[in-house]
Amino acid sequence: MTSKINLTVSTIISCCAFICTTFAQNPIITDRFTADPTARVFNGRLYVYPSSDTTCTQIEGNNGFCMPNYHVYSTKDLTEWTDHGEIISHNNVPWVKPNSYGMWAPDCNYKNGKYYFYFPAMPKDGSAFRNIGVAISDSPAGPFVPEKDYMKGVTGIDPNVFVDDDGKAYLYYGGGETLYGVELNEDMISVKGKPVAIKELPKKYKEGPFVFKRKGIYYFTFPHAPGGSEEIAYATGKSPLGPFEYQGKVLERWKDGCWTNHHSFVEYNGQWYLFYHSMDISSDQHLRSVCVDKISFDKDGKIPEIKATKRGIGKVYAKDKIQIDRYSTLENGSVARSGHKFVNWIVKGISAKTVLTFKEIEYDKTPYTSVLAYVSSVSSGGQMMIYDGNEKLMATFDLPRMRSGEWRAVQADLAFSPKGMQDLKVKFKGTVNDLKLDWIKFIPKNSSAIVASYDVQLNYDGKRAMTNGDNCMVYTLKEFAAKKLSVTNISDLESLKMYRNGKPVTTLNTASKGGLINVVSLQKEVFYNPFERMLASNCSDQNGVLFEKCSLGGQNAAYIENGDNLIFDNLRFTKKPTSIELSVACQSNGGTIEVRKNGVNGTLLATLKVVPTGGFQNWKTISASLSGTFTEKDKLYLVFNGGNGFLFNVHSFRLK
């Protein structure tokens with residue numbers, strides 16, 4: 001149940017007032033699931049044409065995907081994105097099988113004053129797995145009117161249309177070992193001659209071709225699955241239909257369980273970008289989200305491989321919450337889901353060696369005097385320092401000790417007010433191994449703030465002021481003092497704690513003095529008996545591990561790779577354990593599980609070997625003796641080691 005606190009403040013400025021712009025931090029579209037993005041520039045504006053992912057039922061879609069329609073998005077500044085709404089649905093195309101939910105990767109291009117939208121779908125006549133249709137519009141945002149029948153002479157998926165400098169247009173498509181290309185007639189809806197196979201490409205599964213031209217070189221790009229999942233690769237040639245010479249990959253394959261990737265390249269205002277998709281929001285490979293990053297070309301026209309970032313390409317303003325997990329660079333740390341009920345990421349795995357950089361923050365002309373950081377800090381004695389792009393120290397946070405699972409805003413005075421566009425660098429010292437960092441926000445001169453836990457709903461004058469992550473409100477001191485701030489029933493809500501300027505309080509009679517107010521939701525701590533069956537999904541923390549539905553019931557730890565680990569800080573040891581048994585499942589790779597205490601490099605108590613069991617849901621029990629014991633203050637770590645790829649799954653363990 002959501003806790004509620006009523007605030008009788010008439011003029012509160014919520015964070016929503018500061019973040020009405022949708023920032024292009026990856027993923028760039030978060031209100032619905034989108035995949036397979038084609039990016040185009042029309043009339044000086046950037047448009048993105050993705051497919052749509054929705055949750056499937058047993059009879060909808062195929063291959064696990066349920067994709068009923070298409071939307072189109074556009075931007076002028078790469079920061080604010082406009083959803084122009086649905087442009088095509090499987091149920092308004094005459095030749096498409098009704099309720100087939102099979103509208104896969106699309107494309108759109110322009111010629112002769114018209115915009116042509118190409119899409120694959122399941123035909124009602126059953127003539128092919130997918131046919132390719134065309135819809136036409138006078139505007140890049142639609143409305144698009146679909147042709148009554150599909151294109152003749154081509155069958156396949158993932159259409160891409162390239163218009164060359166001489167006005168000739170070419171259609172590319174296909175999925176499997178072979179991709180195809182064919183010239184289009186002037187009408188843009190029929191083909192000239194027979195499709196030709198694009199040769200000289202590497203073996204193994206390929207799909208989603210996308211062709212573009214730069215400085216006389218034709219780039220034939222495609223998702224390629226040489227093993228495990230799809231990477232984005234490319235070949236180059238001197239003709240739109242080849243021959244092409246394979247050059248390598250641009251973006252590494254996903255290793256989190258997302259098998260697909262699908263992409264496009266576009267130049268906008270002199271910078272080239274790669275659009276692609278991930279499953280960051282959903283952790284479900286059938287519910288994907290569009291992302292974008294910058295790319296470059298070397299002097300020979302080759303594309304250096306890039307890393308997918310969460311920073312993306314949009315502008316970030318100091319007046320907004322800076323989602324610090326969308327960093328530009330991170331040394332000796334990691335990003336993981338926060339565990340909140342809604343999608344959110346945090347930086348963790350922090351040490352005194354961690355360095356985090358967030359490039360290009362716009363400070364404008366606002367005089368800032370302090371900065372907030374939303375943190376979880378179980379240990380005391382740690383510090384976090386922030387610097388500007390010139391390595392000049394801006395502020396130092398002294399990190400308080402909190403209860404496990406508690407999140408709170410901490411505040412530090414600024415040594416100076418940054419101006420214009422600046423980089424931000426974050427460093428740490430002291431005891432910070434248990435520190436987790438969510439966001440940073442700069443506070444203007446003569447302003448105060450109130451911050452609440454994500455599951456606390458704040459109300460004022462009968463209106464909802466804050467919920468679902470909009471958990472920071474900023475006031476001027478005049479606004480703060482306009483009416484007394486009151487919190488009702490706090491003495492009756494045992495799960496809530498309040499702090500004013502870092503000190504616990506139970507009333508806010510002196511709230512007119514301003515400051516930083518924290519309203520913290522303290523969830524009841526749950527401890528488990530490890531001598532009974534302990535599910536992996538009940539870990540207190542993890543690194544690199546995802547969870548999936550298990551054939552044994554509940555969820556199991558999955559997509560485990562070398563170096564991943566599970567942490568259990570929620571165990572009650574009622575007696576001395578002498579051995580451990582684990583329930584594991586393994587497809588082919590295998591590896592080892594190290595049982596350690598108090599760290600991934602902590603005391604080694606046991607090593608268990610995992611061998612193939614016949615599948616990732618074929619469960620077997622393995623066991624080993626423990627060479628040491630645990631006390632009440634110890635944490636149990638399961639550290640996973642092995643070769644490349646996914647090693648094995650873990651369902652549960654038990655001490656004996």
Side-chain angles (χ1 to χ4, degrees), residues 35-40 42 47-52 61-62 65 67-74 84-164 167-175 179-196 207-211 240 262 264:
D36 312 317
T38 292
R40 300 288 187 190
F42 298 129
Y47 290 82
V48 177
Y49 301 85
S51 57
S52 298
N62 53 59
F65 295 96
M67 305 169 69
N69 56 22
Y70 300 102
H71 282 227
V72 57
Y73 298 81
S74 73
H84 297 280
E86 182 181 279
I87 56 173
I88 292 289
S89 167
H90 62 283
N91 283 339
N92 65 16
V93 181
W95 60 269
V96 172
K97 181 180 179 182
N99 298 323
S100 54
Y101 299 90
M103 311 291 275
W104 287 5
D107 190 10
C108 187
N109 218 324
Y110 172 82
K111 187 178 178 181
N112 299 332
K114 298 288 184 180
Y115 296 88
Y116 297 87
F117 183 78
Y118 300 84
F119 58 95
M122 302 174 69
K124 64 173 61 174
D125 63 14
S127 58
F129 173 66
R130 289 290 189 286
N131 281 330
I132 296 172
V134 186
I136 305 172
S137 176
D138 294 325
S139 166
F144 284 86
V145 179
E147 293 291 293
K148 294 182 179 180
D149 205 354
Y150 49 77
M151 298 179 70
K152 304 300 182 182
V154 292
T155 59
I157 64 173
D158 303 347
N160 162 243
V161 170
F162 166 70
V163 180
D164 207 347
K168 293 182 179 180
Y170 300 85
L171 170 70
Y172 306 88
Y173 64 95
L179 301 176
Y180 296 91
V182 64
E183 186 178 347
L184 291 175
N185 286 312
E186 191 66 18
D187 62 9
M188 296 290 284
I189 61 174
S190 62
V191 300
K192 182 183 295 185
K194 293 184 178 181
V196 297
E207 60 181 345
F210 185 87
V211 173
H262 195 110
S264 60

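How far CD1 of Ile88 is from CZ of Phe144: 7.5 Å, rounded to the nearest 0.5 Å. Distance check: Lys192 NZ to Tyr170 OH gives 8.0 Å after rounding to the nearest 0.5 Å. One distance of note links NE2 of His90 with CG of Asn99; it measures 4.5 Å at 0.5 Å rounding. Taking CD1 of Ile132 as the start and CD1 of Ile189 as the end, the distance is 13.5 Å to the nearest 0.5 Å. Interatomic distance, CD of Glu207 versus CG of Leu179, reported as 9.0 Å (0.5 Å rounding). The structure places CE of Met122 at 5.0 Å from NZ of Lys97, a figure rounded to the nearest 0.5 Å.
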**OP:** Check the pair Lys111, Glu186 against salt bridge (Lys or Arg N to Asp or Glu O under 4.0 Å), reporting the backbone distance first and the verdict last.
**Re:** CA-CA 9 Å; Lys111 187 178 178 181; Glu186 191 66 18; 3.2 Å; yes
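Not a single side chain to side chain donor-acceptor pair (under 3.5 Å) links Tyr47 to another residue, sequence neighbours left out. Contacts of Tyr173 classified as ring pair (Phe, Tyr, Trp, His ring centres under 6.0 Å), with partners at least two apart in sequence or in another chain: Tyr180. Here Asp164 pairs with Lys213 under the salt bridge (Lys or Arg N to Asp or Glu O under 4.0 Å) rule; sequence neighbours left out. Asp36 is linked by a side chain to side chain donor-acceptor pair (under 3.5 Å) to Ser51, counting only residues two or more places apart in sequence or in another chain. For the salt bridge (Lys or Arg N to Asp or Glu O under 4.0 Å) test, residues two or more places apart in sequence or in another chain that qualify with Arg40 are Asp107. Take Thr155 and apply the side chain to side chain contact (heavy atoms under 4.5 Å, CB included) test, not counting sequence neighbours, and it matches Ala128, Asn131. Ser190 pairs by the side chain to side chain contact (heavy atoms under 4.5 Å, CB included) definition with Asn185, Asp187, not counting sequence neighbours. Checked against salt bridge (Lys or Arg N to Asp or Glu O under 4.0 Å), Glu86 has no partners two or more places apart in sequence or in another chain. Residues meeting the ring pair (Phe, Tyr, Trp, His ring centres under 6.0 Å) test with Tyr118, sequence neighbours left out: none. Every residue two or more places apart in sequence or in another chain that forms a ring pair (Phe, Tyr, Trp, His ring centres under 6.0 Å) with Tyr110 is listed here: Tyr115. For Tyr70, the ring pair (Phe, Tyr, Trp, His ring centres under 6.0 Å) partners are Phe117, not counting sequence neighbours.
Counting heavy atoms from C-beta outward, Val72 and Tyr49 have side chains that approach closer than 4.5 Å. Within the 4.5 Å cutoff, the side chain of Met151 has no heavy atoms near those of the Val182 side chain.
Closest approach of Ser264 to Phe210, counting heavy atoms only: CB-CE1, 3.7 Å. When all heavy atoms are compared, the tightest approach of Phe129 to Ile157 is CE2-CG2, 4.2 Å. Minimum interatomic distance between Gly156 and Pro120 (heavy atoms only, all atoms of both residues): O-CB, 4.0 Å. Closest non-hydrogen pair, Gly208 versus His262, comes out as CA-CE1, 3.2 Å. Scanning both residues, Val161 and Met188, for their nearest heavy atoms gives CG1-CE, 4.0 Å. Taking every heavy atom of both residues into account, Phe42 and Pro140 meet most closely at CD1-CB, 3.6 Å.
Among pairs with a residue in residues 132-161, those fulfilling salt bridge (charged side-chain N to carboxylate O under 4.0 Å, His left out) read Lys114-Asp138, Asp149-Lys152, at least two apart in sequence or across chains.
In this model, no donor atom of one side chain and acceptor atom of the other lie less than 3.5 Å apart for His71 and Ser52. Side-chain atoms of Ser89 and Asn91 include no donor-acceptor pair closer than 3.5 Å.
Here the options are Pro209, Pro195, Pro159, the test is side chain to side chain contact (heavy atoms under 4.5 Å, CB included), and the partner is Tyr172; only Pro209 passes.
Remark: side-chain polar atoms of Asn160 are paired, donor with acceptor, to backbone N or O of Val211 under 3.5 angstrom.
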